[in-house]
Amino acid sequence: MTPEEKTLALTQSPYFHLALTVMSGQDLMVMDRGGTSDPYVKIMQAGKLLHKTSCQKKTLNPVWNEEADIYLEDPFNPICIRVYDKDRVVSDDFMGHSELDISAFE
């Protein structure tokens with residue numbers, strides 16, 4: 001498929017289905033006093049929350065194995081995967097992120 005054909009195909013559909021599995025994290029940053037973190041993941045696109053995983057308590061190596069069916073209106077906006085540490089009293093701490101350009105997939 002040429003780049004032009006791909007762009008045409010991506011612009012003709014009203015939405016796109018993305019089946020995503022958030023599997024695990026390894027060697028995350030220590031964010032809590034006990035030497036661990038309480039991590040969870042937010043999947044976002046253009047500032048809109050698409051999915052949020054459960055919080056994994058007191059671990060630096062969380063395992064979620066959570067599946068999400070996400071419907072996207074714009075495949076050209078990257079998917080942002082953000083990891084946070086859950087806090088009870090203050091706002092949750094940002095731990096890191098990655099972006100996924102789904103329009104680059106075959």
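Since this is a predicted model, take the numbers as computed values, not measurements.
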Which residues pass the side-chain hydrogen bond (donor to acceptor under 3.5 Å, both in side chains) test with E66, sequence neighbours left out? S54
Considering residues at least two apart in sequence or located in another chain, which fulfil the side-chain hydrogen bond (donor to acceptor under 3.5 Å, both in side chains) criterion with T53? W64
Using the side chain to side chain contact (heavy atoms under 4.5 Å, CB included) criterion, which residues pair with K86? Sequence neighbours excluded. D38, Y40, C55, D92
For a quick test of reading the model, state the closest non-hydrogen atom pair linking Y84 to F94 and the distance between them. CD2-CA, 3.7 Å
Would a 4.5 Å heavy-atom cut-off, applied to side chains only, mark L50 and L20 as touching? no
Got a sec, which residues hit side chain to side chain contact (heavy atoms under 4.5 Å, CB included) with S24, two or more places apart in sequence or on another chain? V63
Shortest non-hydrogen pair, M95 vs P39, comes out as SD-CB, 4.3 Å
Is there a path from I81 to L28 through hydrophobic residues (I, L, V, M, F, W, Y) whose side chains come within less than 4.5 Å of each other? yes
Roughly how far apart are E73 CD and K48 NZ, rounded to 0.5 Å? 5.5 Å
Hits for side chain to side chain contact (heavy atoms under 4.5 Å, CB included) against T21, two or more places apart or cross-chain, chain-then-number order -> M23, E67
Side chain Q45, main chain D74, donor-acceptor under 3.5 Å: yes
Can you tell me how far CG of L18 sits from CG of L72, rounded to the nearest 0.5 angstrom? 5.5 Å
I'd like to know if the side chain of S37 and the backbone of D85 have a donor-acceptor N/O pair within less than 3.5 Å. no
Can you name the side-chain hydrogen bond (donor to acceptor under 3.5 Å, both in side chains) partners of D27, sequence neighbours left out? none
For D87, enumerate each residue passing the side-chain hydrogen bond (donor to acceptor under 3.5 Å, both in side chains) test, keeping only those at least two apart in sequence or located in another chain. none
Hydrophobic cluster mates of L60, side-chain heavy atoms under 4.5 angstrom, ILVMFWY only, any path? V30
By side chain to side chain contact (heavy atoms under 4.5 Å, CB included), which residues pair with A46, not counting sequence neighbours? N77
